[in-house]
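For reference, the structure discussed in these notes is given below.
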Amino acid sequence: MLKVNELEITARSAKERLVKGISFEVGKGETLGLIGESGSGKSLTVKAVMGLLNRRLFAVDGSVLWKNEEILSKKRKLPKGWRGQQTAMIMQAPMTAFAPMMRLGRQIEMGFELKGRNAKQSFYEQLDSALKSVNLNDMKKILKSYPDELSGGMLQRVMIAVTLMKKPELLIADECTTAVDAASEYMILRQLEQQRKNGMSMIVITHDFGVAARLCDKVAVMKSGSIIEQGKTLDVFTSPQTEYTRELAAASVLFREGVC
Amino acid sequence: MIHKILRKPQAVIGLLMMLTVFAVMVFAPAFAPNDPEKINIMQKFAEPSEKYPLGTDDMGRCIASRLIYGARVSMSAALPTIAAIAVISVLLATVCAYIGGIVDRLFVIVSDIFMALPPFLVAMTLVGLFESKALSIVISIAAAMWVWNAQVVRTYVIREKNKPYIITCRMSGCSQMRIIMRHIIPNIFPHLLVLYSTGLSGVIIMISGYAFLGLGFETGTPEWGAMLVGANKLVFSHPELIVYPGLCILFAAAGFNLFGEALRDICDPKEN
Amino acid sequence: MIKRIFSRLLVLAAVLFGVTLLTFFYTSLSPVDAAQALAVRRFARPTAEQVTQVRHELGLDQPLAKQYIAWLSKAVSGDFGNSYNTGKPIIDELSASMRPTLRLAALALLFTALLSIPLGVWSASGKGGFADKSIYLFGIVCMSVPNYWIGFMLMLAFAVNIPLFSIMGADDLKDFILPALAVAIPTSAANIRVFRSSLLDGYNSDFVMYARARGISEIKIAGMVSRYAFPPLVTLLGQSFGFTIAGSAMIEFVFSIQGIGSMLVTALGSRDTVTINACVLVIAVIFVAVNFLAEVINAVLDPKRHTKERAYDT
């Protein structure tokens with residue numbers, strides 16, 4: 001489905017190569033984990049894939065093929081509904097992902113085309129069940145709230161619920177459990193597992209080996225802008241080829257007991 | 001820091017302009033070809049000549065000399081004013097913001113009251129209250145502007161105060177005074193420099209405004225704003241009498257503004 | 001919400017009270033004895049008795065506090081007394097001079113908005129480009145000159161060569177174009193900077209990135225960013241209206257407009273304390289009222305005050 005080939009991202013002002021020619025693939029229904037420490041270029045990569053990078057600040061080279069269609073063309077003619085519909089992203093910092101001065105309901109509505117009262121009605125019904133599936137039961141209250149009135153975990157769950165409503169073909173989860181309380185993390189992971197069962201393709205960015213082990217079919221380990229190791233999750237974890245991967249794994253285990 | 005300043009062309013240009021103004025201010029007698037206050041009605045509106053490089057004004061006074069001495073007059077009023085503003089606002093804001101609590105709340109309320117007044121109003125009502133006209137200007141402008149500056153300084157101090165390194169200082173037993181003097185003030189100093197250099201250009205303009213209205217300076221003083229008094233009548237006959245003083249104000253104020261803004265770009269590199 | 005507005009209004013009322021108190025106090029420190037001055041005008045060479053009589057008439061022999069209360073209670077109903085200078089009721093002259101100044105300030109506000117908003121957007125969208133840099137440099141130049149000098153320059157440029165705008169008088173709206181422009185130019189320079197900065201902050205923030213990730217159209221995103229970026233500009237615009245009125249004296253001198261600025265300066269010159277008090281009160285009320293209006297608008301745009309509270313916060 002998604003083929004990334006020799007992707008290079010350079011920061012124009014600092015003339016620094018931040019992502020140095022990486023390649024990976026995500027097949028239909030597959031989940032790829034991007035593992036690495038902060039600054040390794042994981043977020044930049046997925047933002048480039050989604051076309052979210054400011055072309056004036058970053059020079060992007062290489063090719064990104066989605067269903068054999070080139071995404072990175074200079075003309076920037078992205079396929080209709082590319083962002084939000086075909087692909088969707090969940091962000092790391094839920095507190096800042098929503099505009100602080102608008103109510104959540106209004107912001108959520110903005111991402112959907114609702115024409116006519118029937119459309120609105122069914123939208124709200126869908127939203128209600130989506131929110132309930134992540135254990136957010138009071139839809140009215142959430143819609144009326146401002147972002148700062150909810151906890152990080154709640155906002156993250158709202159993000160997931162809303163994102164999944166559109167049934168994207170590719171979901172990118174950027175460190176979506178990092179800044180979140182344990183209970184929310186549990187619910188989020190449970191949702192993601194469900195989607196995986198439903199056949200959604202995913203790219204999961206994390207520095208947590210436990211999460212990767214649970215969700216991903218294959219992983220790619222990134223360091224300083226390059227992929228130093230790629231393969232099936234089990235293979236990479238049980239017999240890491242590089243020193244770095246070994247260290248990462250060890251550090252992760254120190255924090256979390258019980259890697260499955 | 002000095003390196004960064006020297007590398008930015010805008011800062012260097014601003015700095016050079018500032019230094020020029022200071023040089024003219026200090027060495028005015030050396031630069032000026034004539035006595036700026038010497039009236040010579042016979043020579044009024046003379047063409048530029050060797051004796052009068054820029055010609056003469058409506059009272060026969062040498063324009064070039066008046067402009068040069070104008071630097072002295074403007075700056076010798078502006079510098080004490082901005083110094084006074086700086087001292088008052090930094091002292092008050094730092095102490096109140098650092099102590100926090102009820103003192104800070106009081107400060108905010110009082111400054112809200114003062115900020116509800118347009119500064120020009122405050123300054124105008126105070127000018128003329130004192131014996132010495134120069135003092136009037138300094139005090140009235142300082143009284144009008146200190147609040148606005150103090151608010152900004154307060155923001156900086158609060159931001160600095162909450163930084164982790166200050167908290168560690170306090171935990172390791174540093175006295176309040178020491179923290180303020182050794183850490184907070186030196187660290188907000190670049191921001192203060194920005195504030196007061198752009199502030200100085202504002203003060204120069206305000207002072208010229210008063211002179212233009214005839215407040216605060218003796219008539220006939222070679223001050224750039226004062227030189228524009230009664231210029232309505234001369235707009236079309238002798239426009240250069242209006243253009244020259246304005247250009248001087250422009251040069252002086254722009255110098256400080258350029259430098260200040262360049263400094264701001266260095267201190268607050270948010271332009272990403 | 002209503003409670004907040006109410007308490008804010010109370011604070012503002014207290015502020016106005018404080019303002020008038022301060023002014024009254026300051027002007028009473030005046031070295032010129034108003035009673036003496038008025039007596040001289042009336043009797044040419046007044047005797048001590050006549051001066052005392054005048055003093056009593058004006059109520060200047062009362063304790064200061066009583067004078068203040070008397071003045072304030074009359075002022076509230078619009079009776080500011082008679083000018084020491086002209087002897088005529090202040091309220092007449094006041095309303096006559098308010099008209100031109102208000103028109104000037106309103107037009108200046110319009111021009112400021114018309115200049116600041118598009119140029120701010122242009123600067124931000126072409127960030128770092130030629131337009132951005134030129135606007136920046138030109139802005140610094142405009143901020144480094146007094147607005148009355150710009151007035152003179154505009155006069156020279158337009159009224160001479162192109163007799164489009166008149167340079168004197170205050171009858172037609174046409175007469176106010178040049179002075180309003182002169183006032184608007186320096187103010188816009190600072191505003192553009194602030195607006196550009198807010199816009200850039202808005203577009204660089206996470207919520208815009210996430211909105212784009214959700215596929216929200218650029219138009220809707222522009223709307224979101226506007227709500228984020230406008231409040232500091234609104235505050236500045238409100239303030240500038242008040243500043244224009246307060247500092248109108250200079251531009252009025254240039255264009256021969258008989259506005260409240262000139263009235264105040266004349267009163268200052270002749271130590272006409274009653275007129276001074278009246279002018280200050282009126283100007284302060286307008287200033288406070290317009291700022292309050294700006295606050296209300298901001299409360300609608302940004303109910304949570306999450307965007308920059310003060311315009312100068314970098």
Side-chain angles (χ1 to χ4, degrees), chain B residues 10 109 112-122 124-129 131 148 151-152 155 191 194-195 198 201-202 204-206 208-210 212-215 225 228-229 231-232 235-236 239 242-243 245-247 249-258 261 264 267-268 270-272, chain C residues 11-12 14-16 18-19 22-23 26-27 29-31 127-128 136-137 140-141 143-146 148-150 152-153 155-156 159-160 167-168 186 193 197 200-201 204 239 242-243 245-247 249-250 253-256 264-265 268-269 271 276 279-280 283-284 287-288 291 310 312-314:
Chain B
Q10 186 186 333
I109 294 180
D112 267 350
I113 293 186
F114 273 92
M115 291 213 293
L117 291 167
F120 201 70
L121 209 57
V122 176
M124 288 226 287
T125 44
L126 287 179
V127 154
L129 213 57
E131 295 294 314
W148 306 83
Q151 273 280 355
V152 180
T155 315
H191 295 105
V194 171
L195 185 62
T198 47
S201 78
I204 293 177
I205 294 180
M206 265 185 110
S208 80
Y210 289 129
F212 179 61
L213 290 176
L215 302 166
L228 295 170
V229 172
N232 301 57
V235 169
F236 302 115
I242 302 181
V243 175
L247 287 179
I249 299 178
L250 174 57
F251 187 81
F256 290 102
N257 268 333
L258 278 171
E261 293 285 335
R264 186 195 302 240
C267 299
D268 271 332
K270 273 173 132 206
E271 305 286 276
N272 263 338
Chain C
V11 169
L12 293 179
V15 164
L16 283 173
V19 167
L22 279 172
T23 336
Y26 282 138
T27 52
L29 293 174
S30 160
K127 180 182 120 74
Y136 175 68
L137 281 174
I140 294 216
V141 166
M143 279 200 288
S144 308
V145 274
Y148 58 89
W149 189 72
I150 296 188
F152 278 126
M153 294 297 108
M155 255 187 173
L156 274 174
V160 187
I167 53 172
M168 256 193 11
R193 218 53 205 150
S197 170
L200 286 175
D201 274 354
N204 284 337
Q239 256 181 10
F243 285 165
I245 299 216
M250 301 175 292
F253 267 39
V254 172
F255 288 94
S256 309
L264 181 56
V265 172
L268 278 170
R271 295 259 115 229
I276 297 178
C279 288
V280 168
I283 296 180
F287 191 68
V288 165
N291 277 345
R310 306 260 195 250
Y312 53 72
D313 272 352
T314 36

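First the proteins, then the strands, lettered A, B, ... as listed; each starts at 1. As a basis for the values below, the full set of heavy atoms in this structure was taken, side chains included, without hydrogen atoms, waters or symmetry mates.
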Write down the atom of C:V265, the atom of B:L213, and the distance for their closest heavy-atom approach. CG2-CD1, 3.9 Å
Best-contacting candidate, C:I283, C:L137, C:N291, against chain B by heavy atom pairs under 4.5 angstrom: C:I283
Reported CD1-to-CE distance for the pair B:I205 and C:M250, which is rounded to 0.5 angstrom: 10.0 Å
Part of B:L247 within contact of chain C (heavy atom distance under 4.5 Å): both
Pick one of side chain, backbone, both or neither for C:F253, based on which atoms fall under 4.5 Å of a heavy atom in chain B. both
May I ask you to name which of B:P239, B:S201, B:S208 has the most heavy-atom pairs under 4.5 Å with chain C? B:S208
Closest non-hydrogen atom pair, C:W149 against B:L228: CD1-CD1, 4.1 Å
At what distance, to the nearest 0.5 angstrom, does CD1 of B:I249 lie from OG of C:S144? 10.5 Å
Under a 4.5 Å cutoff for heavy-atom pairs, which residue among C:V288, C:V145, C:I150 has the most contacts with chain B? C:V145
Which atoms of B:V243 are under 4.5 Å from chain C, going by heavy atoms: the side chain, the backbone, both sets, or neither? both
Mutual orientation of the aromatic rings belonging to B:W148 and C:F243 [parallel < 30°, tilted 30-60°, perpendicular > 60°]: perpendicular
How long is the gap from CD on B:E261 to CE on C:M143, to the nearest 0.5 Å? 5.0 Å
When you look at B:Q10 and C:I140, which way does the side chain to side chain contact (heavy atoms under 4.5 Å, CB included) test go after all the steps? CA-CA 11 Å; B:Q10 186 186 333; C:I140 294 216; 4.0 Å; yes
Of the listed B:G225, B:G246, B:G255, B:G202, the one with the largest count of heavy-atom pairs under 4.5 Å with chain C is B:G246
For the candidates C:A246, C:A284, C:G242, which exhibits the highest count of non-hydrogen atom pairs separated by less than 4.5 Å from chain B? C:A246
